[in-house]
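The structure appears below as structure tokens.
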Protein chains: 2
Amino acid sequence: MSRQAPTLEDVAREAGVSRATVSRVINGVRNVDPGIQEVVRQAVERTGYAPNRAARSLVTRRTQTVALIVSGAGDTSEGEQSAFTARVFADPFFGRVVAGVVGYLRPRSMHPLLMFAESPEARQQVLSDLRQGSADGALVVSTHADDPMPALLADAGVPAVLFARPSRPVPLSYVDLAHRDGARQAAEHLLKRGCRRIVTVTGPLGVGASQDRLAGFRDTMARSGHPYVPVAEGGFTLDSGMAAMSGLLAEHPDVDGVFAANDLMAQGACQVLRERGRRVPDDVAVVGFDDSSVAATCRPALTTVRQPVEEMASTMAALLDEHIQGLRTDPTSVIFDPELVVRESA
Amino acid sequence: MSRQAPTLEDVAREAGVSRATVSRVINGVRNVDPGIQEVVRQAVERTGYAPNRAARSLVTRRTQTVALIVSGAGDTSEGEQSAFTARVFADPFFGRVVAGVVGYLRPRSMHPLLMFAESPEARQQVLSDLRQGSADGALVVSTHADDPMPALLADAGVPAVLFARPSRPVPLSYVDLAHRDGARQAAEHLLKRGCRRIVTVTGPLGVGASQDRLAGFRDTMARSGHPYVPVAEGGFTLDSGMAAMSGLLAEHPDVDGVFAANDLMAQGACQVLRERGRRVPDDVAVVGFDDSSVAATCRPALTTVRQPVEEMASTMAALLDEHIQGLRTDPTSVIFDPELVVRESA
DNA sequence: CTGAAAGCGCTAACAG
DNA sequence: CTGTTAGCGCTTTCAG
């Protein structure tokens, strides 16, 4: 980045061949004499050549970059970007998404470009950036069920894949989890354990996953003769889990089982229960959701429903790649199966 | 992204002017007749033109993108990228960094390109990507004091700015906090409160900030006649904070003050203390560090030393921008002042 | 199997 | 104030 970077021309001169040949060697195109290939490789080495991305992009029409869009609902006012960002990252879930995405992209020397779409202005920005060719496609993680971003992307013809099914049909591929099935497993585990006075702490009900987990849980409970399940809504945070549990405990002091819609809230519930003199799992069994990193490390270790976030995220990236390359044209969906992980809390 | 995107040529034809003129209007260069300006603007509107980023980059030699490098020590084995990523994002600190960075970049229509440098291979990848011109410069957040990435970047001549002073001198600008001073404030607050049996939970001692906070705390304590302060090392996580506090409590049951090197650990300490029947702050006062989002929301609300992470991060981005634009050539450093925020825990 | 030549879409002198 | 003219560095036909 200091002195003038060597170009293909320089390497070609050094190797005594044409630019085209050097280009072929670098891009691994066959039909190049092995001897010349070696000569070129050495010339590249000597000159310290690195292909210029912009020039390459200009002709290939590909940036080797995908946008990772973190998208909120339409009502966040401008200027709250900072708070929005902080909130998103506070959830261990997002880190796992990034890990999965990078796991797929990196071996292919692609990178995620971070974008936030928490307001109408921000969404237009994102759209405009994408149409300028800042990225070859977009991976969208929405924090709300009624996020307008997916539809905007679809209308703009930008290749995009979503994490989680959009609330309204949008012609885009997505990956998701069988949330209801996961909630069913949690309910069955609690029931099998002998719990009879079961309550649940849901995630924010504006999120599809929260709704599905609650629905799946209620269904299973109802089928087992428990038509009524006390519910408290949380916000997927530790504190909200504590608050929700406090409320439930006040109204139902005899509770003996809790299903929390994510691990952070389950952890919060455990803490409140212990503060109020309940032993977990002896007096009250607690089941979480996600199997995030805290689940295994907190005390007591959380029994939870595993969501393979990393795998889902890397699949999301793989799908996008297929769309970008034109290998896949019609939207598809890949639904992952949750799995109960039994530890100490239930 | 579906049909052929319109080019400058198309807009020029539509407006009945030359490409150059359109370019001038779009880039806001003066010396263009207001009337023509309007005509061009309309032509842009009609054609739905969006400048091609690759083409522009090729000539301006600028991508409007900066790499946000999360960098670990040299010993992480390949394949652990996923765990590394998850760990990094689990810390609320990182979200604040991103928020600050984006806060600076977005108004300038720039974006952060996420890169991880947790192994030697990954570092070479990052370096190679940067030399290809994937980004105009790099913002580096290291998880360890002896991170080799800064030096590699400096050697490669890549414009870069660091978050936190590197352990060995590297000719790069950086932003940092006066950690020792923050720790001093924490110590003074505890002492002023009347605490006499004070312990501290440090961050991982491989991190410069942890070392500085510990040193500053010890210094102040020593000057106040407390030559010995029991120490337990934590890992900046809630669990590690709980574990550290448990250990300290076992050996020093009469503790009446705790300084934890970040809020997460302070929160963990509070929980352990309450579980063991200590009231916070009545029996034991607890001071955290960072003033991250949990500090205000957890119970009891944490008295803590505020680190203005967002501001530091956006300053870091601003410095990088100056370096990229050539407005600044020599490395500089900006040190921020911490500030004690008194809430409930101490 | 290799080279010559034609752009990709844009900016930036340089004339006028 | 506007148009003409060169490229930026690379890939990719198309000849040979």
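First the proteins, then the strands, lettered A, B, ... as listed; each starts at 1. Values in this document were obtained by computation on a predicted structure and should not be read as measured data.
- The CZ-P distance, from B/Arg62 to C/dA12, rounds to 11 Å in whole Å.
- No hydrogens or angles considered: nothing links the side chains of A/Glu9 and A/Thr7 as a donor-acceptor pair under 3.5 Å.
- In the model, A/His323 has a side-chain atom that pairs as donor or acceptor with a side-chain atom of A/Ser173 under 3.5 Å.
- In this structure, the side chain of A/Arg61 does not engage the main chain of A/Ser57 through any donor-acceptor pair within 3.5 Å.
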Please write out each protein N/O paired with an N/O of nucleotides 8-10 of chain C under 3.5 Å, distance rounded to 0.1 Å.
from: C/dC8; atom 1: O3'; to: A/Arg61; atom 2: NH2; distance (Å): 2.7
from: C/dG9; atom 1: OP1; to: A/Arg61; atom 2: NH2; distance (Å): 2.2
from: C/dG9; atom 1: N2; to: B/Ala55; atom 2: O; distance (Å): 3.4
from: C/dC10; atom 1: OP1; to: B/Tyr49; atom 2: OH; distance (Å): 2.3
from: C/dC10; atom 1: OP1; to: B/Asn52; atom 2: N; distance (Å): 3.1
from: C/dC10; atom 1: OP2; to: B/Leu8; atom 2: N; distance (Å): 2.4
from: C/dC10; atom 1: N4; to: B/Arg19; atom 2: NH2; distance (Å): 2.8

Short N/O separations, protein against nucleotides 13-16 of chain D, under 3.5 angstrom:
none

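- At whole-Å resolution of the value, CD1 in B/Ile36 and P in D/dT2 are 4 Å apart.
- Partners of A/Glu45 under the salt bridge (charged side-chain N to carboxylate O under 4.0 Å, His left out) rule, at least two apart in sequence or in another chain, do not exist in this structure.
- Among pairs with a residue in residues 17-60 of chain B, none fulfils ring pair (Phe, Tyr, Trp, His ring centres under 6.0 Å), at least two apart in sequence or across chains.
- Scanning for side-chain hydrogen bond (donor to acceptor under 3.5 Å, both in side chains) contacts around B/Thr85 gives B/Gln81, with sequence neighbours left out.
- Contact annotation: B/Thr21 reaches the phosphate of D/dG3 (side-chain N/O to OP1 or OP2, under 4.0 Å).
- Heavy-atom minimum distance, B/Glu310 versus A/Ser82: CG-OG, 3.8 Å.
- Remark: B/Phe163 engages B/Phe93 in a ring-ring contact (aromatic ring centres under 6.0 Å, His included) (not counting sequence neighbours).
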